[in-house]
Amino acid sequence: MLSQNIKENTKGAHQTLEGMVVRQLKAVQSEADYAEVLKNFYAYFNAVEKSIAPFITPEVLPDYTERRNSSHIKADIEELGGNVDNLPEAIAPVVNNTLEALSALYVLEGSIMGGPYIVQMLNKYGVTKGTSFFSGYGEDTGKMWGKFVAVLNQYGENLDVRNRAIEVANETFSRFGDVFKGVTAE
């Protein structure tokens with residue numbers, strides 16, 4: 001299954017990105033700091049969403065409009081008293097077809113799985129608002145992930161395209177990490 005191949009072949013990139021994100025979240029000392037970290041998420045998710053938009057249609061992923069997206073991050077930033085001005089540069093991977101778009105979306109959708117841990121971490125630091133994005137789909141998170149993975153696997157049945165799908169997922173992790181490099185909570 002493609003989802004399992006992507007998971008296995010992006011482990012290093014995933015761990016590198018996760019380390020950067022956790023370090024920045026651990027440096028959060030105020031809601032303003034957290035809003036600044038969220039700007040990284042917003043900038044990147046927004047860039048990737050624009051890159052994949054031509055390929056992720058209702059025919060491909062019927063519940064796409066119901067999935068969390070960068071507008072949820074923007075709402076969290078605004079709830080924290082911030083805005084989406086002065087965003088870091090975010091460069092999405094080049095996406096040329098539906099499978100590549102789904103491979104990039106794998107990274108965005110997969111970030112939901114760690115959301116509850118992020119919310120717990122933020123709560124320990126006294127941040128209790130602006131966490132709707134990381135709350136994912138609540139009780140439906142597992143079900144939504146399963147539906148997404150089923151679509152990804154369906155489009156990835158052709159073994160000839162799997163390597164490119166894995167490349168796009170790795171590039172998505174890597175470029176996401178680029179947004180976080182050199183940025184620290186003030």
Side-chain angles (χ1 to χ4, degrees), residues 1-11 13-15 17-18 21-22 25 34 37-79 90 92-93 95 97-123 127-158 161-162 165-166 168-173 175-177 179:
M1 291 170 108
L2 179 58
S3 60
Q4 192 61 36
N5 285 331
I6 290 175
K7 181 179 181 177
E8 291 167 6
N9 289 289
T10 61
K11 195 174 286 189
H14 183 182
Q15 289 173 341
L17 173 62
E18 190 175 275
V21 170
V22 168
L25 289 170
Y34 174 48
V37 172
L38 282 178
K39 283 185 174 186
N40 297 328
F41 280 88
Y42 176 76
Y44 193 67
F45 271 62
N46 196 319
V48 173
E49 288 165 7
K50 288 176 183 172
S51 176
I52 67 176
F55 306 102
I56 305 293
T57 63
E59 294 76 29
V60 172
L61 192 60
D63 63 357
Y64 186 58
T65 59
E66 300 164 31
R67 291 180 177 271
R68 66 171 196 155
N69 57 48
S70 61
S71 69
H72 295 93
I73 306 169
K74 181 180 180 193
D76 283 347
I77 292 168
E78 291 170 347
E79 182 181 356
V95 171
N97 58 50
T98 301
L99 181 60
E100 291 177 11
L102 288 167
S103 299
L105 187 56
Y106 170 91
V107 175
L108 304 189
E109 282 292 312
S111 69
I112 290 172
M113 305 314 273
Y117 304 105
I118 291 172
V119 172
Q120 287 177 353
M121 182 187 319
L122 291 167
N123 288 342
V127 176
T128 57
K129 62 183 185 178
T131 59
S132 67
F133 176 73
F134 288 120
S135 297
Y137 306 116
E139 293 177 5
D140 291 334
T141 296
K143 183 173 90 176
M144 292 293 279
W145 175 248
K147 288 164 104 179
F148 171 75
V149 167
V151 170
L152 174 67
N153 288 334
Q154 175 189 347
Y155 277 84
E157 287 177 351
N158 180 345
V161 296
R162 285 191 176 188
I166 292 166
V168 170
N170 268 312
E171 184 180 356
T172 304
F173 276 118
R175 289 186 181 215
F176 197 2
V179 176

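- By the neighbour-count criterion of 12 heavy atoms within 6.0 Å, atom CE of Met1 is sparsely surrounded, having that number or fewer from other residues, nucleotides or ligands.
- Atom CG in Leu105 sits 13.5 Å away from atom CD in Glu100 (nearest 0.5 Å).
- Between Asp76 and Ser132, the closest heavy-atom pair is OD1-OG, 2.6 Å.
- For Lys39, the NZ atom counts as densely surrounded, since its 6.0 Å shell holds more than 12 non-hydrogen atoms of other residues, nucleotides or ligands.
- With 3.5 Å as the limit, one finds no donor-acceptor pair spanning the side chains of Ser103 and Arg162.
- Going from atom CZ of Phe173 over to atom CD of Glu18 covers 9.0 Å, rounded to the nearest 0.5 Å.
- Between Arg67 and Tyr137 there is a side-chain heavy-atom pair separated by less than 4.5 Å.
- For the atom pair CZ of Arg68 and OG of Ser135, the computed distance is 10.0 Å after rounding to the nearest 0.5 Å.
- When side chains are defined from C-beta on, Leu2 counts as touching Leu99, because their heavy atoms get closer than 4.5 Å.
- With rounding to the nearest 0.5 angstrom, the CG atom of Leu152 is 6.0 Å from the OG atom of Ser3.
- Ring to ring, Phe134 and Tyr117 are not that close: their centroids are 6.0 angstrom or more apart.
- With 3.5 Å as the limit, one finds no donor-acceptor pair spanning the side chains of Asn170 and Thr10.
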TODO: Begin with the C-alpha distance, continue with both residues' side-chain angles, and end with the deciding distance and a verdict on side-chain contact (heavy atoms from CB on, under 4.5 Å) for Asn153 and Gln4.
DONE: CA-CA 9 Å; Asn153 288 334; Gln4 192 61 36; over 6 Å; no
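- For the atom pair CZ (Phe41) and NE2 (His72), the distance works out to 15.5 Å, reported to the nearest 0.5 Å.
- Listed here is the closest heavy atom pair of Ala104 and Val168: N-CG1, 3.9 Å.
- Taking CD of Glu8 as the reference point, atom CG of Asn5 lies at 6.0 Å (rounded to 0.5 Å).
- The aromatic rings of Trp145 and Tyr106 sit tilted relative to each other, their planes meeting at an angle between 30° and 60°.
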Donor-acceptor pairs under 3.5 angstrom involving side-chain atoms of residues 43-62: please list them, not counting sequence neighbours.
unit_1, atom_1, unit_2, atom_2, d
Tyr44, OH, Thr172, O, 2.8
Asn46, OD1, Lys50, NZ, 3.4
Asn46, ND2, Tyr42, OH, 3.0
Glu49, OE1, Ser70, OG, 2.7
Glu49, OE2, Ser70, N, 2.7
Ser51, OG, Pro93, O, 3.1
Thr57, OG1, Glu59, N, 3.4
Thr57, OG1, Glu59, OE1, 3.1
Thr57, OG1, Val60, N, 3.4

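- Other residues, nucleotides and ligands contribute at most 12 non-hydrogen atoms within 6.0 Å of the CD atom of Glu139.
- Looking only at distances, no side-chain donor or acceptor of Tyr155 sits under 3.5 Å from a matching main-chain atom of Thr98.
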Open item on the list: Determine whether Leu102 and Phe148 satisfy the following criterion, side-chain contact (heavy atoms from CB on, under 4.5 Å), listing intermediate values before the conclusion.
Closed with: CA-CA 9 Å; Leu102 288 167; Phe148 171 75; 3.8 Å; yes
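- Using modelled atom types, one finds no donor on one side chain facing an acceptor on the other under 3.5 Å when comparing Thr128 with Asn123.
- A 4.5 Å side-chain heavy-atom check between Leu17 and His14 finds every atom pair outside the cut-off.
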